> 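Take a look at the following structure, please.
Everything numeric in this text was worked out from a predicted model, so none of it was measured. Numbering of ligands and ligand atoms starts at 1, following listing order.
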Amino acid sequence: MALSTFLRAPVCTNQAFSKQIMRLATFSATNGSSLTAPTLPSVVPLKNIVGKSDIAPITNSVRSFRTSAVRMSDEKPHDHSKLWVIEKGVSALLVPLIPLGLLVPNKLFDSILAILITAHSFWGLEAIAVDYVRASIFGPVIPKIAIGLVYLLSIATLGGLFYVISHDVGIANTVRQLWSVKSNSHNA
Ligand code: HEM
(Lines give C-alpha, C1' and ligand atoms only; values in the text may rest on other atoms or scores of the structure.)
Protein backbone atom coordinates (compact mmCIF):
# COMPACT_ATOMS: atom_id res chain seq x y z
CA MET A 1 0.00 0.00 0.00
CA ALA A 2 1.40 3.42 -0.90
CA LEU A 3 2.37 5.52 2.13
CA SER A 4 0.05 8.37 1.12
CA THR A 5 -2.88 5.94 0.77
CA PHE A 6 -2.01 4.42 4.14
CA LEU A 7 -1.84 7.84 5.81
CA ARG A 8 -5.27 8.73 4.42
CA ALA A 9 -6.84 5.52 5.72
CA PRO A 10 -9.44 6.14 8.46
CA VAL A 11 -7.23 4.47 11.08
CA CYS A 12 -4.43 7.01 10.40
CA THR A 13 -6.69 10.06 10.45
CA ASN A 14 -8.19 8.86 13.72
CA GLN A 15 -7.42 11.37 16.51
CA ALA A 16 -6.04 8.78 18.97
CA PHE A 17 -3.72 7.38 16.31
CA SER A 18 -2.49 10.88 15.40
CA LYS A 19 -1.75 11.63 19.06
CA GLN A 20 0.21 8.39 19.39
CA ILE A 21 2.27 9.14 16.26
CA MET A 22 2.86 12.69 17.51
CA ARG A 23 4.07 11.35 20.85
CA LEU A 24 6.45 8.89 19.17
CA ALA A 25 7.84 11.50 16.78
CA THR A 26 8.29 14.08 19.53
CA PHE A 27 9.98 11.64 21.82
CA SER A 28 12.38 10.56 19.06
CA ALA A 29 13.19 14.14 18.02
CA THR A 30 13.86 15.40 21.54
CA ASN A 31 15.88 12.41 22.76
CA GLY A 32 17.65 11.48 19.57
CA SER A 33 17.23 7.86 20.57
CA SER A 34 15.81 4.98 18.63
CA LEU A 35 12.28 3.91 19.50
CA THR A 36 12.72 0.61 21.20
CA ALA A 37 10.24 -0.75 23.67
CA PRO A 38 12.42 -0.40 26.82
CA THR A 39 13.36 3.27 26.13
CA LEU A 40 9.85 4.44 25.26
CA PRO A 41 7.69 5.41 28.21
CA SER A 42 4.06 4.49 27.82
CA VAL A 43 2.85 8.09 28.34
CA VAL A 44 4.92 11.17 27.55
CA PRO A 45 2.83 14.34 28.00
CA LEU A 46 3.53 16.70 25.11
CA LYS A 47 3.64 19.81 27.34
CA ASN A 48 6.49 18.25 29.38
CA ILE A 49 8.63 17.95 26.29
CA VAL A 50 7.71 21.19 24.52
CA GLY A 51 9.58 24.06 26.19
CA LYS A 52 12.18 21.82 27.79
CA SER A 53 13.97 21.41 24.51
CA ASP A 54 15.26 23.69 21.74
CA ILE A 55 14.33 21.13 19.11
CA ALA A 56 10.92 21.85 17.62
CA PRO A 57 8.64 18.83 18.03
CA ILE A 58 7.03 17.34 14.96
CA THR A 59 3.46 18.17 15.83
CA ASN A 60 1.94 17.67 12.38
CA SER A 61 3.49 14.38 11.35
CA VAL A 62 0.09 13.10 10.20
CA ARG A 63 -1.83 15.77 8.44
CA SER A 64 -4.79 15.47 6.10
CA PHE A 65 -4.37 16.97 2.67
CA ARG A 66 -6.58 17.68 -0.30
CA THR A 67 -5.99 17.22 -4.00
CA SER A 68 -8.68 19.67 -5.18
CA ALA A 69 -7.91 23.35 -5.73
CA VAL A 70 -8.01 25.52 -2.62
CA ARG A 71 -10.96 27.93 -2.72
CA MET A 72 -9.96 31.51 -3.47
CA SER A 73 -10.39 33.73 -0.43
CA ASP A 74 -12.47 36.33 -2.30
CA GLU A 75 -14.79 33.69 -3.74
CA LYS A 76 -18.26 33.48 -2.16
CA PRO A 77 -19.01 30.01 -0.81
CA HIS A 78 -21.45 28.09 -3.05
CA ASP A 79 -23.76 25.31 -1.96
CA HIS A 80 -23.10 22.75 -4.69
CA SER A 81 -25.22 20.09 -2.99
CA LYS A 82 -28.45 21.85 -4.09
CA LEU A 83 -27.30 21.99 -7.72
CA TRP A 84 -26.28 18.33 -7.51
CA VAL A 85 -29.81 17.40 -6.37
CA ILE A 86 -31.31 19.46 -9.23
CA GLU A 87 -28.97 17.81 -11.78
CA LYS A 88 -29.86 14.31 -10.60
CA GLY A 89 -33.56 15.26 -10.39
CA VAL A 90 -33.51 16.40 -14.03
CA SER A 91 -31.76 13.14 -15.06
CA ALA A 92 -34.40 11.13 -13.18
CA LEU A 93 -37.25 13.17 -14.74
CA LEU A 94 -35.95 12.40 -18.23
CA VAL A 95 -36.55 8.68 -17.69
CA PRO A 96 -40.39 8.89 -17.71
CA LEU A 97 -40.64 12.11 -19.76
CA ILE A 98 -38.79 10.92 -22.89
CA PRO A 99 -41.10 7.91 -23.51
CA LEU A 100 -44.16 9.94 -22.45
CA GLY A 101 -43.27 12.74 -24.86
CA LEU A 102 -42.81 10.23 -27.67
CA LEU A 103 -46.12 8.47 -26.89
CA VAL A 104 -48.20 11.69 -26.67
CA PRO A 105 -46.58 14.24 -29.01
CA ASN A 106 -47.59 17.80 -28.08
CA LYS A 107 -46.00 21.22 -27.72
CA LEU A 108 -46.05 21.24 -23.90
CA PHE A 109 -44.16 17.94 -23.50
CA ASP A 110 -41.83 18.94 -26.35
CA SER A 111 -41.04 22.26 -24.65
CA ILE A 112 -40.40 20.64 -21.25
CA LEU A 113 -38.18 18.03 -22.92
CA ALA A 114 -36.28 20.69 -24.86
CA ILE A 115 -35.47 22.58 -21.65
CA LEU A 116 -34.60 19.49 -19.58
CA ILE A 117 -32.47 17.82 -22.29
CA THR A 118 -30.59 21.08 -22.91
CA ALA A 119 -30.02 21.65 -19.17
CA HIS A 120 -28.93 18.03 -18.65
CA SER A 121 -26.51 17.98 -21.59
CA PHE A 122 -25.21 21.45 -20.58
CA TRP A 123 -24.29 20.17 -17.09
CA GLY A 124 -22.76 17.00 -18.57
CA LEU A 125 -20.65 18.86 -21.15
CA GLU A 126 -19.68 21.56 -18.64
CA ALA A 127 -18.45 18.85 -16.24
CA ILE A 128 -16.40 17.31 -19.07
CA ALA A 129 -14.89 20.71 -19.95
CA VAL A 130 -14.09 21.54 -16.30
CA ASP A 131 -12.66 18.08 -15.56
CA TYR A 132 -10.57 17.55 -18.69
CA VAL A 133 -9.72 20.98 -20.12
CA ARG A 134 -7.67 22.11 -17.12
CA ALA A 135 -5.68 25.34 -16.85
CA SER A 136 -2.68 23.36 -15.52
CA ILE A 137 -2.51 21.45 -18.84
CA PHE A 138 -3.93 23.84 -21.44
CA GLY A 139 -3.05 27.25 -19.98
CA PRO A 140 -5.49 29.97 -18.89
CA VAL A 141 -7.23 30.68 -22.26
CA ILE A 142 -8.28 27.29 -23.73
CA PRO A 143 -10.41 26.24 -20.68
CA LYS A 144 -12.36 29.51 -20.99
CA ILE A 145 -12.88 28.86 -24.72
CA ALA A 146 -14.06 25.31 -23.91
CA ILE A 147 -16.64 26.60 -21.41
CA GLY A 148 -17.67 29.29 -23.92
CA LEU A 149 -18.22 26.57 -26.55
CA VAL A 150 -20.38 24.59 -24.10
CA TYR A 151 -22.56 27.69 -23.57
CA LEU A 152 -22.74 28.35 -27.35
CA LEU A 153 -23.66 24.72 -28.11
CA SER A 154 -26.34 24.72 -25.39
CA ILE A 155 -27.89 28.00 -26.61
CA ALA A 156 -27.85 26.68 -30.21
CA THR A 157 -29.42 23.39 -29.05
CA LEU A 158 -32.22 25.12 -27.14
CA GLY A 159 -32.83 27.55 -30.02
CA GLY A 160 -32.83 24.68 -32.55
CA LEU A 161 -35.22 22.55 -30.49
CA PHE A 162 -37.67 25.45 -30.03
CA TYR A 163 -37.44 26.21 -33.75
CA VAL A 164 -38.46 22.61 -34.49
CA ILE A 165 -41.32 22.90 -31.94
CA SER A 166 -42.70 26.22 -33.23
CA HIS A 167 -41.93 26.06 -37.00
CA ASP A 168 -41.93 22.33 -37.69
CA VAL A 169 -43.62 19.12 -36.47
CA GLY A 170 -42.03 19.13 -32.99
CA ILE A 171 -39.38 17.02 -31.29
CA ALA A 172 -41.41 13.86 -30.64
CA ASN A 173 -42.91 13.83 -34.15
CA THR A 174 -39.45 14.35 -35.68
CA VAL A 175 -38.15 11.30 -33.79
CA ARG A 176 -41.24 9.29 -34.79
CA GLN A 177 -40.77 10.30 -38.45
CA LEU A 178 -37.11 9.26 -38.30
CA TRP A 179 -38.16 5.89 -36.89
CA SER A 180 -40.79 5.41 -39.62
CA VAL A 181 -38.26 6.29 -42.37
CA LYS A 182 -35.93 3.65 -40.97
CA SER A 183 -38.64 0.99 -40.84
CA ASN A 184 -39.92 1.93 -44.37
CA SER A 185 -36.46 1.56 -45.89
CA HIS A 186 -36.12 -1.73 -44.04
CA ASN A 187 -39.39 -3.05 -45.52
CA ALA A 188 -38.59 -1.87 -49.09
C1 HEM B 1 -33.55 9.18 -19.88
C2 HEM B 1 -32.63 9.97 -20.30
C3 HEM B 1 -31.32 10.25 -19.63
C4 HEM B 1 -30.84 9.90 -18.39
C5 HEM B 1 -31.53 9.10 -17.31
C6 HEM B 1 -29.50 10.41 -18.28
C7 HEM B 1 -28.67 10.27 -17.17
C8 HEM B 1 -27.38 10.70 -17.10
C9 HEM B 1 -26.50 10.50 -15.98
C10 HEM B 1 -26.87 9.79 -14.69
C11 HEM B 1 -25.33 11.05 -16.29
C12 HEM B 1 -24.09 11.05 -15.43
C13 HEM B 1 -24.03 12.33 -14.65
C14 HEM B 1 -22.82 12.33 -13.73
O15 HEM B 1 -21.75 11.85 -14.12
O16 HEM B 1 -22.95 12.85 -12.64
C17 HEM B 1 -25.44 11.61 -17.61
C18 HEM B 1 -24.42 12.27 -18.26
C19 HEM B 1 -24.58 12.92 -19.46
N20 HEM B 1 -25.71 12.98 -20.23
FE21 HEM B 1 -27.42 12.03 -19.83
N22 HEM B 1 -29.19 11.08 -19.44
C23 HEM B 1 -30.27 11.01 -20.29
C24 HEM B 1 -30.40 11.57 -21.53
C25 HEM B 1 -29.46 12.38 -22.12
C26 HEM B 1 -29.65 13.08 -23.37
C27 HEM B 1 -30.92 12.99 -24.23
C28 HEM B 1 -28.49 13.78 -23.60
C29 HEM B 1 -28.13 14.67 -24.74
C30 HEM B 1 -28.82 14.90 -25.81
C31 HEM B 1 -27.59 13.51 -22.51
C32 HEM B 1 -26.33 14.04 -22.38
C33 HEM B 1 -25.45 13.74 -21.35
C34 HEM B 1 -24.08 14.19 -21.29
C35 HEM B 1 -23.36 15.07 -22.31
C36 HEM B 1 -23.53 13.67 -20.11
C37 HEM B 1 -22.12 13.83 -19.57
C38 HEM B 1 -21.33 12.60 -19.95
C39 HEM B 1 -20.21 12.31 -18.99
O40 HEM B 1 -20.18 12.82 -17.87
O41 HEM B 1 -19.36 11.49 -19.38
N42 HEM B 1 -28.21 12.66 -21.63
N43 HEM B 1 -26.69 11.38 -18.08
> Residues in side chain to side chain donor-acceptor pair (under 3.5 Å) with S91, at least two apart?
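For S91, the residues satisfying side chain to side chain donor-acceptor pair (under 3.5 Å) (neighbours in sequence not counted) are H120.
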> According to a 4.5 Å side-chain heavy-atom criterion applied to Ile, Leu, Val, Met, Phe, Trp and Tyr, with indirect links allowed, do V169 and V181 form part of one hydrophobic cluster?
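Different clusters: V169 never reaches V181 through Ile, Leu, Val, Met, Phe, Trp or Tyr contacts under 4.5 Å.
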> Sequence neighbours left out, cut at 3.5 Å: what donor-acceptor pairs do the side chains of residues 138-157 make with other protein atoms?
from: S154; atom 1: OG; to: V150; atom 2: O; distance (Å): 2.8
from: T157; atom 1: OG1; to: L153; atom 2: O; distance (Å): 2.6

> Could you check whether atom 23 (C) of ligand 1 has a protein contact, counting only heavy atoms that fall below 4.0 angstrom?
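Under 4.0 Å from atom 23 (C) of ligand 1, at least one protein heavy atom found.
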> For K88, which part has a heavy atom under 4.0 Å from ligand 1: side chain, backbone, both, or neither?
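Side chain only; the backbone of K88 stays clear of ligand 1.
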> So L94 and L113, do their side chains get closer than 4.5 Å, heavy atoms only?
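L113 reaches L94 side chain to side chain.
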> Sequence neighbours left out, what passes side-chain contact (heavy atoms from CB on, under 4.5 Å) with D168? Give chain and number order.
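V164.
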> Measure the distance from atom 27 (C) of ligand 1 to every protein heavy atom, then report the residue, atom name and distance (to 0.1 Å) of the closest one.
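Its nearest protein heavy-atom neighbour is I117 CG2, 4.0 Å.
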> Do the non-hydrogen side-chain atoms of W123 and V90 ever get within less than 4.5 Å of each other?
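Touching, per the 4.5 Å side-chain cut-off.
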> Take F122 and L158 through the test side-chain contact (heavy atoms from CB on, under 4.5 Å) and record every step on the way to the result.
CA-CA 10 Å; F122 168 78; L158 192 62; over 6 Å; no
> Give the atom numbers and elements of ligand 1 that come within less than 4.0 Å of a heavy atom of I98.
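Answer, ordered by atom number: 1 (C), 2 (C).
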> Tell me the protein heavy atom at minimum distance from atom 38 (C) of ligand 1, and give that distance in Å.
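Sorting protein heavy atoms by distance from atom 38 (C) of ligand 1 puts I128 CD1, 3.9 Å first.
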> So does A172 get a backbone contact from the side chain of D110, meaning a donor-acceptor N/O pair under 3.5 Å?
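A pair under 3.5 Å: yes.
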> Could you please tell me which protein N, O or S atoms lie under 2.8 Å from atom 21 (Fe) of ligand 1?
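Within the sphere that stays under 2.8 Å of atom 21 (Fe) of ligand 1, the protein atoms of type N, O or S are H120 NE2.
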